[in-house]
Structures are given as structure tokens and as C-alpha cells.
Amino acid sequence: MSVLDAPVTAAAPAAPTTGLTPIFVRLKLTLLRNGLRQSSGRKAAYIASLVFTLLLAASQVLGLVLLRGNAQAGTVVVLLTAVVALGWAVLPLFFPSGDDTLDPTRLVMLPLRPQPLVRALLVSSMIGIGPLFTLCLAVGSVLALAHGPAGVLFAVVAVPLTLLLCVALSRAVATANVRLLNSRKGRDLAVLSGLVIAVGIQFVNFGAQRLGQSGGLSALEPAGNVARWLPGASAIAAVDAASDGAYGVAVLQLLITVAALVALVWLWQRGLVKLMTAPDGSTLAAAAPTRKESSRTGLSALLPEGRTATVVHRSLLYIARDPKTKAAWVTALAIGAIVPLINALQGTGSIYFACFAAGMLGMQMYNQFGQDTSAFWMVALTISSTRDAYVELRARALALLLITLPYTVVVCVATAALLGSWQALSGVLGISFALLGAMLAIGAVASALFPYSIPQEGAFKNVAPGQGGLAWISILGGMLAAPVLAGPVIALTVWLHIADRQDALWLVIPAGAVFGALIGWAGLRIAAPRTANRLPEILTAVSKG
């Protein structure tokens with residue numbers, strides 16, 4: 001019998017739980033503080049990410065306040081709240097978030113009752129950058145809609161209800177997916193669900209583009225009328241209804257949010273009890289007899305024997321077998337094709353949208369050592385010089401190129417075929433090659449300077465506690481720097497278009513290929529000595545999870 005449903009007897013009194021919530025709050029703050037104390041770089045990255053979030057939140061609040069009095073303000077705000085609630089449900093599964101206080105599997109052996117545990121987790125979950133941003137967004141939303149005493153009264157209730165609903169939705173979904181994502185086959189299935197979500201986000205993006213062509217915000221009214229009755233946005237919609245004098249509708253919409261919150265907390269509590277009392281079938285199965293792997297197979301078998309072939313083979317195995325690496329690759333491959341191809345099918349896109357494919361796949365070069373987790377120490381033992389580090393990084397980049405180069409060409413050709421822009425295909429390919437080389441270079445340097453851990457035991461965590469800001473700074477900084485490094489090839493393409501020399505666009509292909517190869521080689525050369533000199537720091541960072 002589990003500690004969650006064991007009877008209380010005189011010999012084994014229940015552990016006091018009246019102070020459980022403050023304990024979890026202090027634990028959350030302590031983990032955050034200790035994570036920031038580990039290095040000044042991590043502290044700077046966290047502060048920078050916090051400042052960026054606050055600036056973004058302030059701009060969102062300002063934009064929402066400027067909507068005050070607009071005829072379509074209610075529709076825009078309600079839809080925005082619904083999108084934010086949807087993000088709380090799905091983004092924690094695929095983006096850096098969470099910490100050990102939110103992982104229920106770490107609490108199985110503690111004598112905790114379900115109800116106090118849920119309260120403590122709910123309160124501690126509201127400490128962080130994400131909840132702060134959501135709170136600012138909710139406040140801005142009610143400022144845009146609230147008019148009169150009734151609107152203000154409903155706004156005071158709607159803001160905390162919306163925040164609680166978003167956090168509870170996130171935790172309930174995460175808890176329900178722990179077992180699924182902790183098993184290998186389940187995590188493979190989760191990759192497909194993640195792909196569906198990523199595709200859905202892109203369709204939202206395309207819908208926003210079509211909105212700009214439809215002539216105004218009035219086109220959003222049908223979707224807004226539906227979203228007003230969805231739990232994620234109904235509390236904010238209640239503020240709009242109360243401001244218009246529709247008090248019965250406002251009360252009903254507010255009750256929808258309250259009922260949804262109660263249902264989510266109940267489902268979350270039920271999921272916790274099941275997770276912490278029921279045996280995990282994936283851990284009970286007998287280990288299958290191991291089989292001897294062939295030395296090298298697939299693309300890596302074409303390479304000569306040596307470190308390069310070994311590293312390429314290992315990298316390809318990560319892509320094929322590691323669930324989190326596979327999820328990242330599948331998502332990048334899908335979105336990299338969806339953005340240019342669907343725009344092309346709509347007839348509104350440019351062939352240069354195909355460069356997005358190179359950008360998405362180039363991001364896979366970032367945090368190369370983090371995907372090794374604690375096993376990186378075996379790789380570190382084989383690196384004793386700058387030359388060893390260079391060959392290691394070069395082989396990892398080669399494994400990435402074995403997939404990205406043909407994929408980029410296929411996406412560019414398919415986009416050109418849909419748009420009939422065969423003459424501009426050369427420019428797109430050249431820029432894609434240059435962007436890919438630039439991202440390989442930046443990714444290699446970022447892997448050496450900003451490594452972070454990818455926890456394997458946390459089903460819905462992609463970054464260890466305290467390293468989220470470091471991860472975002474590394475990735476976003478690289479995304480902004482890559483077009484700058486590829487600037488000469490981009491400038492050449494633009495000049496050929498301006499000078500009406502489309503017949504010479506074929507020169508961009510060799511120029512982009514050579515430039516991409518040179519910039520990638522330079523990035524590897526810069527990253528190699530830093531990798532060799534920072535092996536202890538890298539090992540500590542990637543082993544944190």
C-alpha cells in the first residue's frame with residue numbers, strides 16, 4: 001500500500017501538512033537561488049531572460065491598453081488569452097521549463113497527502129518567469145475590457161482565476177504525460193503528438209497572415225465568439241460581458257472557468273495518486289537480452305575508419321533512438337517544410353521562405369554536448385588536445401549535414417515548383433547554404449561556451465533548473481547572429497535582383513556553398529580550443545540534470 005492511501009493509525013501518525021505550501025515555496029526559491037549561484041554567466045543569462053520577458057510583457061500590456069475602447073478589443077483579448085492557455089498546456093512538454101519541485105516522481109517516497117500536495121505544487125508553480133508573463137498579460141487584458149464598477153469587480157476575480165487555470169492545466173497535462181514520456185515507445189508516440197501541436201501552431205501563424213489580408217479584426221469575431229465559452233478565455237470574456245451590462249452571461253462565463261479549474265485540480269490530484277501508487281509497467285518488464293550492434297551502419301558506414309566515423313555513427317544513433325533528440329529533429333524537419341510549402345500553396349509566400357528549413361535544422365547544432373548528458377565524460381576522456389576537440393565537433397557537424405543538406409535542397413526545389421519561381425531557386429539555395437554554415441559555426445561555439453543539461457528523467461523538462469535563461473540566450477543569440485554572418489551572400493543576392501541580373505543568380509549557389517563551408521570551418525576552429533580548455537565546466541554543466 002502506498003504512502004498516499006495508507007490508513008492513519010496511532011502508531012504511525014500522519015505527517016503534518018499544514019506548512020507544506022510554504023515549504024515548497026521555499027524549496028522553489030532555494031533551487032532557483034542555488035542554481036544562479038553556480039556561475040556568474042548563468043546568473044547573467046537568467047537576469048537577461050527576466051529583463052527580456054518583462055520588456056515583452058510591458059509591451060503586451062501597453063498594446064492591450066491601447067486597444068481599450070476599440071470595437072474589436074474583446075475579440076482580440078479573448079483569443080489572445082485562449083492561445084496563452086493553450087500554450088500552457090503544450091509548451092512545457094517541448095520547451096525549457098519546470099524544476100525538481102514540479103516533478104511528482106521525486107515525491108513518491110514522502111508521506112504526503114494528495115490534497116495538501118496539490119495545493120503546495122500549485123502555489124510553487126506560480127513562481128517563475130512564465131507565470132509572471134501570464135499575470136501581466138491577464139492584467140493588460142482586463143485593463144483593455146473593464147468598464148464600470150461591475151467590469152472592475154469581475155476583473156479582480158478573473159485575473160487570479162485565469163492564472164490558476166493556466167498553471168493547473170499545465171501541471172495536469174504534465175502529470176498525465178509522465179508515464180507516457182518516460183517509456184521509450186511512449187516517448188516516440190509523444191513525438192508525433194508534439195509534431196501535431198507544432199503543425200497547429202504554424203496554422204495559427206498562417207491564419208494570422210490571412211487575417212492581415214482580410215481587411216481587419218472583424219474577421220476574428222466568429223472565432224472569438226467560440227473562444228468566449230472556452231475555459232481558458234471565459235473568465236476574461238466575463239469582464240467584457242459585465243462591462244456591457246450582460247451580467248447573466250458574465251456570471252455563466254466566470255462559472256465555466258471555476259468549474260474547469262475544479263475539474264483540472266481533481267484530475268491532477270487523481271493523476272498524482274495514480275502516478276505515485278500504481279506500478280510502472282515499463283519498469284517491471286524483464287530486460288531483453290542485449291544484442292551485439294554492428295560496427296557501423298547506414299550513412300556512417302560510407303566513412304573511413306577513425307574518430308570521425310565513430311562520432312558520426314553515434315550522432316545518428318542519438319537522432320534515431322534518443323526520444324528528446326528525435327523529438328527535436330522531427331519538429332525541426334516538419335516546421336522547416338511546413339512554413340515555406342503552405343505559404344506557397346496559399347500563393348502568398350515567397351520562395352525565400354524556404355531558407356527557414358536551413359535555419360530550423362541549423363539549430364540542431366546548438367548544445368551538442370548537452371544531448372550526451374552525464375555520458376559526456378566518456379567523450380571528454382578522448383579529448384586531450386585542440387585537435388581532438390576539432391575532430392569531435394567536425395564529425396558532429398558532418399552528421400548534421402548528412403541530413404540537412406539534402407533536406408534543404410528538397411524543400412527549396414519543392415517550394416520553387418509550387419510557386420513556379422525556378423529562376424530564383426539559385427539564390428535560395430545559396431542563401432540556405434550560407435545560413436546553414438553560419439549556424440553550424442555559431443552552434444559549435446555556443447556548445448562550448450553555453451552548454452546546458454537536458455534532463456532524461458524529467459518527461460517534460462528540456463533544461464535543468466537554473467539553466468533555462470542560458471539556453472534561451474544561446475539559441476536566440478545564434479538565431480539573430482546567423483543572418484549577420486551570412487550577410488555577404490544575402491547582399492549578393494539582393495544586388496543581383498536590384499541590378500536585374502537574374503541570369504547571374506546561379507553564381508549564388510557556389511558562393512553560398514563556399515562561404516558556408518568557410519564560415520563553418522572558422523566556427524569549428526574557434527570552438528575547438530575553447531572546448532578543449534573548458535572540458536571540466538562543460539562536463540559539470542551537461543551532467544547537472
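Please read these numbers as outputs of a predicted model, since none were measured by experiment.
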Exercise: identify the closest heavy-atom pair between Gln423 and Leu505:
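For Gln423 versus Leu505, the nearest heavy atoms are O-CD1, 3.6 Å.
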Are Ser447 and Arg396 close enough that a side-chain donor and a side-chain acceptor fall under 3.5 Å?
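Looking only at side-chain atoms, Arg396 and Ser447 do not form any donor-acceptor pair under 3.5 Å.
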Does the side chain of [Y] come within less than 4.5 Å of [X]'s, by heavy atoms?
X	Y	answer
Val379	Arg314	yes
Pro510	Phe433	no
Val411	Thr415	yes
Asp388	Glu392	no
Leu64	Val77	yes
Leu449	Arg534	yes

Could you give the distance from CG (Leu54) to CG (Leu132), rounded to the nearest 0.5 Å?
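So the gap between those two atoms works out to 5.5 Å.
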Approximate separation, where rounding is to 0.5 Å, of Phe353 CZ and Leu419 CG:
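Going from CZ on Phe353 over to CG on Leu419, the span is 10.0 Å.
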List in chain and number order the residues that pass ring pair (Phe, Tyr, Trp, His ring centres under 6.0 Å) with Tyr352, two or more places apart in sequence or in another chain; answer none if no residue qualifies.
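Result, ring pair (Phe, Tyr, Trp, His ring centres under 6.0 Å) vs Tyr352: His497.
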Hey, is [atom1] on [X] packed in by over 12 heavy atoms from elsewhere, all under 6.0 Å?
X	atom1	answer
Tyr407	OH	yes
Arg501	CZ	no
Trp422	CH2	yes

